[in-house]
2 protein chains.
Amino acid sequence: MKSNEIKEAALKYFTIHGYEGASLSLIAEAVGMKKQSIYAHFKGKDDLFLQVLRDAKETELSSKLQYFSKIDSQNPEKDLYGFLQLVIDLFQKNEQLKFWLRVSFFPPAHLAKAIDKEVIDIEEKVQAILESKFQGWIDAKAIVGDVAKTPTFAFLGVVDSIMLELVYGNDEKRLKDKLEASWTVFWRGISHR
Amino acid sequence: MKSNEIKEAALKYFTIHGYEGASLSLIAEAVGMKKQSIYAHFKGKDDLFLQVLRDAKETELSSKLQYFSKIDSQNPEKDLYGFLQLVIDLFQKNEQLKFWLRVSFFPPAHLAKAIDKEVIDIEEKVQAILESKFQGWIDAKAIVGDVAKTPTFAFLGVVDSIMLELVYGNDEKRLKDKLEASWTVFWRGISHR
DNA sequence: CTCAATTTAACGAACGTTCGTCAGTTATAT
DNA sequence: ATATAACTGACGAACGTTCGTTAAATTGAG
């Protein structure tokens, strides 16, 4: 399907140059066609962008949900660190998470409303499932007793900081150092002893 | 000075719409002139952008350096939490930090090299001073013994996550919750007990 | 199985607009 | 009178989009 090739190229340009900086002519060129031909597959630039957005959302959401459904272990240390690894993997395996990060924080103004809806949707779901996991670990006394929201938000903060480091990109060593540091302090902050 | 008015308006548009999405005509209109008149003050769009960038860099750097020079206390809990408050204040008081965050992580491609240089410069300085502070606290046994890099990177992660929450913006309550959660866990993670 | 009818996907050409930039001119103020 | 800062006008280039056309692929009835 040619539509997927277009979306793939569009994802790349939107990620690197943003909505306004990405031109249909360059996207078309990347898949070997003229910009007018894009209109045989999409109603316009907005339509293309929103379809790319929804694909990226679905990929991210399903990846995370799948991870949480797979683990039912009583080992928060392994599960949480594994989640951080998952985020890193997702980020490096495809462009979609980077695209998602960019547009969720710096959306094109005229689509901000529509984007925000998707962002809030995915955010609430991940937060809810994470919070219930933490509640379970608290009840099992696997981590320190507290409101479940506290470790949840703190962990989401660690995820965010790792993603920022991934966006920043170039330095593999620095990423590893930051991950290790954030994880060490975070885990010490929620575990017993 | 009219140049400052132009830079002020440009900062706004660059922050909201990015480099490519910001137009000189709208910037000029915001200060009550035609876009061609901007060329009496700046050599072009790139020049305007880079001057805004350097202003933002200087504001951020001097604010942070000033904070660190003011505190010589032996109380890391107060000093570090105060730094987070400083970041929040900076973010809400002027647009420059938001602009800085946007362009440092999603720079216009043709200026990426120049931007990166400034970003790395500021980053190294803040990291260096922070690391020496942590080293002092470790030596004074005010926080748990470790390589100074670990709490430094972890703290920088907290700062990043708070800044992301600020960018995301709308929800004041959520910001407070996230700050409290990240700080609680972080402090527990580096303090004795 | 055939062949005409329809749909699909690409095209070139052009639309109106906006972009950043440059040149020349006028107004303001020292 | 000189310099600074605003203006008008215009430039080529690029933008997203629409149009009409063509060639290939798909469909459906005899």
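Computed from heavy atoms alone, side chains included, the values below leave out hydrogens, waters and symmetry copies. In what follows, every chain begins at residue 1, and chains take the letters A, B, ... in the order their sequences are listed.
Between A:Phe155 and A:Phe83, the closest side-chain pair of non-hydrogen atoms falls below 4.5 Å. By the 4.5 Å heavy-atom criterion applied to side chains, B:Tyr168 and A:Val119 are counted as neighbours.
Between A:Arg188 and B:Asp146, none of the side-chain N atoms (NZ, or NE/NH1/NH2) sits under 4.0 Å from a carboxylate O, so this pair counts as no salt bridge.
Taking the salt bridge (charged side-chain N to carboxylate O under 4.0 Å, His left out) definition, one finds that A:Lys64 meets it with A:Glu60, sequence neighbours left out.
When the C1' atom of D:dC15 is taken as reference, atom NE2 of A:His110 falls 14 Å away, rounded to whole Å. In this structure, B:Met33 places its CE atom 15 Å from P of C:dT28, rounding to the nearest Å. Between the CG atom of A:Asp46 and the P atom of D:dC15 there is a distance of 16 Å, given to the nearest Å. When the P atom of C:dG24 is taken as reference, atom OH of B:Tyr39 falls 17 Å away, rounded to whole Å. Rounded to an integer number of Å, the gap from A:Leu24 CG to D:dT18 P is 12 Å. Distance CG (B:Asn4) to C1' (D:dA5): 15 Å, rounded to an integer number of Å. One interatomic measurement links the two molecules: NE2 of B:His17 to P of C:dC19, which rounds to 11 Å at whole-angstrom precision. Rounding to whole angstrom units, OH of residue B:Tyr19 and P of C:dC19 are separated by 13 Å.
When the nearest nucleotides of DNA chain C are assigned to B:Ala22 and A:Gly32 by heavy-atom distance, the more 5′-ward of the two goes with A:Gly32.
If you check every strand for non-hydrogen atoms under 4.0 Å, A:Lys35 touches a base. Using a 4.0 Å heavy-atom distance criterion, A:Ala28 is classed as making no nucleic acid contact.
On a pure distance criterion of 3.5 Å, no polar donor-acceptor pair joins the side chain of B:Gln36 and the base of C:dG20. With hydrogens and angles ignored, no donor-acceptor pair closer than 3.5 Å exists between the side chain of A:Lys34 and the base of C:dG12.
The number of heavy atoms from other shown groups lying within 6.0 Å of CD (B:Glu8) does not exceed 12.
Remark: A:His41 is not in phosphate contact with C:dT8, judged by side-chain N or O atoms under 4.0 Å from OP1 or OP2. Between D:dG16 and A:Ser25, no contact under 4.0 Å exists linking OP1 or OP2 to a side-chain N or O. Considering only side-chain N and O atoms, B:Ser37 lies under 4.0 angstrom from the phosphate OP1 or OP2 of D:dC7.
Distance from the side chain of B:Lys2 is smallest for D:dA6 among the nucleotides D:dA6, C:dA9, D:dC15. Looking at the side chain of B:Lys45, the nearest of the listed nucleotides C:dG20, D:dC15, C:dA9 is C:dG20.
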